[in-house]
Amino acid sequence: MCSTAAGAACPDCGSESTRVHSSYLRFPADVPSGGRLVVLRLRVRRFFCPEPSCARRTFAEQMPGLTRRHSRWTERLRSTLAAVGLALAGRAGARMARAFGVSISRSAVLRLLDALPEPEVPAPRVVGVDEYATRKGRVYGTVLVDVETRRPVDLLPDREASSLAAWLAQRPGIEIVCRDRAPFFAEGATAGAPQATQVADRWHSWHNLGEAAERAVARHRQCLRVLVPDREGKADEPAPPVEKADSPWRSERFANRVRARHATVHALLEADHSRRSMGAN
């Protein structure tokens, strides 16, 4: 294939050029069709830039919606691989791409994800503020989450009150700040969003309640007295074990009664048999 346009625009200065310098072939891979690999053969022209002040003397034409500079894939295949990478990440995305006939490494899938533009995130109304650790016990930062959508909004490199205040000041639409009880978060929320209501999140409320209950029990531990045995009289004799009504076969008394009944029945049967024998004689 080749382009039918008369010229192309310079990517640096934007000047339109129709003066052809040379041409060459490109073979960008496209989305497979029916399980077969599709490769396009493109005749690409190289043009002279007509602007004398432009640093780029020549440039290659690009077909909008089909190719881009230094790319081995068409835009359709690139978007397909990026969608697979967003769903499955690098290693699993590369395996899925090989399943439908495209050979790609996990690093290439991750590079495709890095090249995607950042999505526009609407300003949150209820923001959650907490800390995260890059090196636990040493280096901490601040994570900001949209509580209504439960999605992370931003990461701050530290947990200073000034950094949080500057971030909140740029977003005046925040109405509620759901934060950790750390003092630097309280100072930053008060300075950056004075119009917002500050609340504690559910986890910290339960965690603080548990710590308060534990401290209260530890403080009143002396109130829990140990039972002292009776000093005056003798210790009561242990009561005989109570037989369970639902398991009579475990009772020794019941077993003895059953044996006595069986012995009586056998004695009566033997006596009756003896009388019948004497009558027959």
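Counting begins at 1 with the first residue of the sequence.
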Engineer: So, S53 versus E51: side-chain donor-acceptor pair below 3.5 Å or not?
Structural biologist: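 Judged by distance alone, the side chains do pair up.
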Engineer: side-chain contact (heavy atoms from CB on, under 4.5 Å) for L66 and L40? Distances and angles first, verdict last.
Structural biologist: CA-CA 10 Å; L66 185 63; L40 303 179; 4.0 Å; yes
Engineer: Once rounded to the nearest 0.5 Å, what's the spacing between atom NE2 of H220 and atom CZ of R215?
Structural biologist: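 Answer for the NE2-CZ pair, H220 versus R215, is 13.0 Å.
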Engineer: Here's one to test your reading of the geometry: is the NZ or CZ of R159 within 45 degrees of the ring axis of Y140 and under 6.0 Å from its centre?
Structural biologist: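 Checked: cation-pi criterion met.
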Engineer: Taking all heavy atoms of V153 and all of P124, pick out the closest pair and write down the distance.
Structural biologist: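 Nearest heavy atoms, V153 then P124: CG2-CG, 4.5 Å.
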Engineer: Shared ILVMFWY cluster between L88 and L113, side chains joined below 4.5 angstrom?
Structural biologist: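 No; tracing contacts between hydrophobic side chains, which count when under 4.5 Å, never links both residues.
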Engineer: Name the residue from D154, L144, V145 that meets the side chain to side chain contact (heavy atoms under 4.5 Å, CB included) definition with V127.
Structural biologist: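 So the option named by the test is L144.
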Engineer: Heavy atoms, side chains only, cut-off 4.5 Å: are I104 and L81 in contact?
Structural biologist: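 SC-SC contact between I104 and L81 confirmed.
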Engineer: Are any of the side-chain heavy atoms of S205 and R202 separated by less than 4.5 Å?
Structural biologist: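 Counting from C-beta outward, S205 and R202 never come under 4.5 Å.
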Engineer: I'd like to know whether R151 forms a salt bridge (charged side-chain N to carboxylate O under 4.0 Å, His left out) with D146, so could you lay out the CA-CA distance, the side-chain angles of the two residues, the decisive distance to 0.1 Å, and finally the verdict.
Structural biologist: CA-CA 5 Å; R151 292 183 176 274; D146 189 342; over 6 Å; no
Engineer: If only atom types and distance count, is the side chain of T142 paired as donor or acceptor with the main-chain N or O of D158 below 3.5 Å?
Structural biologist: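 Yes, the answer is positive, given that a donor and an acceptor are paired below the 3.5 Å cut-off.
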Engineer: Decide whether Q198 and T190 meet the rule of one side-chain donor and one side-chain acceptor closer than 3.5 Å.
Structural biologist: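 Q198 vs T190: donor-acceptor pair found between side chains.
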Engineer: Just by distance, do the side chain of T58 and the backbone of R46 share a donor-acceptor pair under 3.5 Å?
Structural biologist: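 No, the answer is negative, given that no donor and acceptor are paired below the 3.5 Å cut-off.
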Engineer: Within the 4.5 Å heavy-atom criterion, are C54 and S15 side-chain neighbours or not?
Structural biologist: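 No - every pair of side-chain heavy atoms lies 4.5 Å or more apart.
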Engineer: Is it the case that more than 12 heavy atoms not belonging to R91 sit under 6.0 Å from its CZ atom?
Structural biologist: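 Atom CZ in R91 is not packed in, count stays at 12 or less.
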Engineer: Do V20 and V44 land in one hydrophobic cluster if side-chain heavy atoms of ILVMFWY residues count as linked below 4.5 Å?
Structural biologist: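 No; tracing contacts between hydrophobic side chains, which count when under 4.5 Å, never links both residues.
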Engineer: Exactly one of R36, R41, R76 should register a salt bridge (charged side-chain N to carboxylate O under 4.0 Å, His left out) with D30. Which one does?
Structural biologist: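 Output: one option passes, namely R76.
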Engineer: Do we get R19 above F48's six-membered ring, with its NZ or CZ under 6.0 Å from the centre and within 45° of the axis?
Structural biologist: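 Positive - R19 is close enough to the ring of F48 and near enough to its axis.
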Engineer: Please find the pair of heavy atoms, one from A8 and one from F59, that lie closest to each other, and give the distance.
Structural biologist: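 Taking A8 first and F59 second, the nearest heavy atoms are O-CZ, 3.6 Å.
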Engineer: Specify the closest pair of heavy atoms between Y132 and P157, including all atoms of both residues, with the distance to one decimal.
Structural biologist: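 The answer is OH-CA, 4.4 Å.
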Engineer: What is the distance from atom CZ of F27 to atom CG of L42, rounded to the nearest 0.5 Å?
Structural biologist: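 The CZ atom of F27 sits 9.0 Å away from the CG atom of L42.
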Engineer: Within a strict 4.5 Å, meaning less than it, do heavy atoms of the C49 and C13 side chains meet?
Structural biologist: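 Counting from C-beta outward, C49 and C13 do come under 4.5 Å.
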Engineer: For the ring pair F47 and H21, is the centre-to-centre distance below 6.0 Å?
Structural biologist: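 Centroid distance F47-H21: not below 6.0 Å, so no.
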Engineer: Of all the heavy-atom pairs spanning R57 and P52, show the shortest one and how long it is.
Structural biologist: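 Shortest heavy-atom separation between R57 and P52 comes out as NH1-O, 3.5 Å.
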Engineer: Which heavy-atom pair separates G101 from L37 by the least distance, and what is that distance?
Structural biologist: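 Nearest heavy atoms, G101 then L37: O-CD1, 3.7 Å.
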Engineer: Kindly work out whether a path of hydrophobic side-chain contacts (I/L/V/M/F/W/Y, heavy atoms less than 4.5 Å apart) joins V177 to L156.
Structural biologist: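 In one cluster with V177: L156, yes.
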Engineer: Using only atom types and a distance under 3.5 Å, with no angle test, would you say the side chain of R171 pairs donor to acceptor with the backbone of W167?
Structural biologist: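 Indeed, once roles are kept as given, a pair shorter than 3.5 Å links the two residues.
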Engineer: Are any of the side-chain heavy atoms of V109 and L112 separated by less than 4.5 Å?
Structural biologist: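 Not in contact.
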Engineer: Can you find a pair of side-chain heavy atoms, one from V129 and one from L168, that are under 4.5 Å apart?
Structural biologist: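 Not in contact.
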Engineer: If every non-hydrogen atom of F100 is compared with every non-hydrogen atom of M96, which pair is closest and at what distance?
Structural biologist: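 Nearest heavy atoms, F100 then M96: CD2-O, 3.2 Å.
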Engineer: Does S71 reach the main-chain N or O of T67 with its side chain, forming a donor-acceptor pair under 3.5 Å?
Structural biologist: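 Checked: no pair found.
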Engineer: Could you work out, with side-chain contact (heavy atoms from CB on, under 4.5 Å) as the rule, every residue matching S79, not counting sequence neighbours?
Structural biologist: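 Here no residue qualifies.
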Engineer: Hey, could you give me the CZ/CE distance between R68 and M63, rounded to the nearest 0.5 Å?
Structural biologist: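 If we round to the nearest 0.5 Å, R68:CZ and M63:CE are 15.5 Å apart.
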Engineer: Verify the cluster assignment for V39 and L25: are they in a single hydrophobic cluster under the rule of side-chain heavy atoms below 4.5 Å apart?
Structural biologist: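 Shared cluster, yes.
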Engineer: State whether the side chain of Q195 and the backbone N or O of I174 hold a donor-acceptor pair below 3.5 Å, judged by distance alone.
Structural biologist: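 Answer holds: yes.
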Engineer: Rounded to the nearest 0.5 Å, what's the gap from OG1 on T80 to CD on E75? Could you check?
Structural biologist: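 One finds 11.0 Å between OG1 of T80 and CD of E75.
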Engineer: Consider only side-chain N and O atoms of H207 and E211, and report whether a donor and an acceptor are under 3.5 Å apart.
Structural biologist: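 Judged by distance alone, the side chains do pair up.
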Engineer: Please tell me if the side chains of R26 and R72 come closer than 4.5 Å, counting only heavy atoms from C-beta onward.
Structural biologist: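 No, their side chains stay 4.5 Å or more apart.
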Engineer: Considering only NZ, NE, NH1 and NH2 on the basic side and carboxylate oxygens on the acidic side, decide whether D130 and R179 come within less than 4.0 Å.
Structural biologist: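 Not counted as a salt bridge, because no side-chain N and carboxylate O are separated by less than 4.0 Å.
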Engineer: Treating E61 as the side-chain partner and R45 as the backbone partner, does any N or O pair qualify as donor plus acceptor under 3.5 Å?
Structural biologist: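 A pair under 3.5 Å: yes.
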Engineer: Going by heavy atoms in the side chains, are V38 and P32 under 4.5 Å from each other?
Structural biologist: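 No, side chains not in contact.
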Engineer: Distance from R181 atom CZ to H204 atom NE2, nearest 0.5 Å?
Structural biologist: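 Here the rounded value is 9.0 Å.
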Engineer: Starting at CG of L116, measure out to CZ of R78 and round the result to the nearest 0.5 Å.
Structural biologist: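 Spacing of CG (L116) from CZ (R78) equals 9.0 Å.
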